[in-house]
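Following: one structure in structure tokens, then a few remarks.
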Amino acid sequence: MKATWTLPDGSTKTADVTAGTNLMEAAVANDIPQIEGACGGCLSCATCHIFVDADWLEKVGEVGDFEDAMLDATEVERTAASRLSCQIEMRAELDGISLTVPSE
Ligand code: FES
């Protein structure tokens, strides 16, 4: 399955992501800038903040309550498209998902 990130410089990077891998881990494994994943995915850092491209938001689903609270602590201000990528697990319906990395 594939995920594509639009980077702060406007370029894109596409990587293979195995089902069950979360999109923070996938970003770190593929050296996507700005996605730090400092807490390892335990919802306590917000350094995995990502904007989900509009076409994919519905499939990704609603923000969880705790995720919602953590999104208030992101470095770049949140929008309706903001998610914490450690909370998005790759699955068949997300194959091809497109994400934008917040710029600093
Ligand atoms: Fe820390 Fe996602 S990696 S909240």
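We count ligands from 1, going down the list as the structure has it; atoms in each ligand are counted the same way.
Set against the non-hydrogen atoms of Ser44, the atoms of ligand 1 under 4.0 Å away are 4 (S). Against a heavy-atom cut-off of under 4.0 Å, Ala46 is close to the following atoms of ligand 1: 1 (Fe), 4 (S). Residue-ligand proximity, Gly37 to ligand 1, at heavy-atom distances under 4.0 Å covers atoms 3 (S). Interface atoms of ligand 1 facing Gly41, defined by a heavy-atom separation under 4.0 Å, are 3 (S). Of all the atoms in ligand 1, the ones that sit under 4.0 Å from a non-hydrogen atom of Cys48 are 2 (Fe), 3 (S), 4 (S). Those atoms of ligand 1 with a heavy atom of Cys39 less than 4.0 angstrom away are 1 (Fe), 3 (S), 4 (S).
For atom 1 (Fe) of ligand 1, the set of nearby N, O or S atoms under 2.8 Å includes one belonging to Cys45. For atom 1 (Fe) of ligand 1, the set of nearby N, O or S atoms under 2.8 Å includes none belonging to Cys86.
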### Full working for side chain to side chain contact (heavy atoms under 4.5 Å, CB included) between Phe51 and Thr79
CA-CA 8 Å; Phe51 299 120; Thr79 70; 3.5 Å; yes
### Task
Go through the steps to decide whether Arg78 and Asp68 satisfy the test salt bridge (charged side-chain N to carboxylate O under 4.0 Å, His left out), and finish with yes or no.
CA-CA 10 Å; Arg78 68 186 291 183; Asp68 188 47; 2.6 Å; yes
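If you look at Ser85 next to ligand 1, there are no close heavy atoms at all, none under 4.0 Å. Proximity of Cys42 to ligand 1, defined as any heavy-atom pair under 4.0 Å, is not found for any part of the residue.
Checking Ser82 against His49 by side-chain atom types alone, a donor-acceptor pair falls below 3.5 Å. Side-chain contact of Thr100 with Asp53: a donor-acceptor pair under 3.5 Å is present, judged by distance alone.
When each of Leu84, Ile97, Ile50 is tested with Leu23 by the rule side-chain contact (heavy atoms from CB on, under 4.5 Å), just one qualifies, namely Ile97.
Within the 4.0 Å heavy-atom cutoff, Leu43 counts among the residues contacting ligand 1.
Clustering ILVMFWY residues whenever any of their side-chain heavy atoms sit less than 4.5 angstrom apart, transitively, puts Ile32 in the very cluster that holds Leu94. Clustering ILVMFWY residues whenever any of their side-chain heavy atoms sit less than 4.5 angstrom apart, transitively, puts Val28 in the very cluster that holds Met1.
Under a 4.0 Å N-O distance rule, the pair Lys2/Asp95 does not qualify as a salt bridge.
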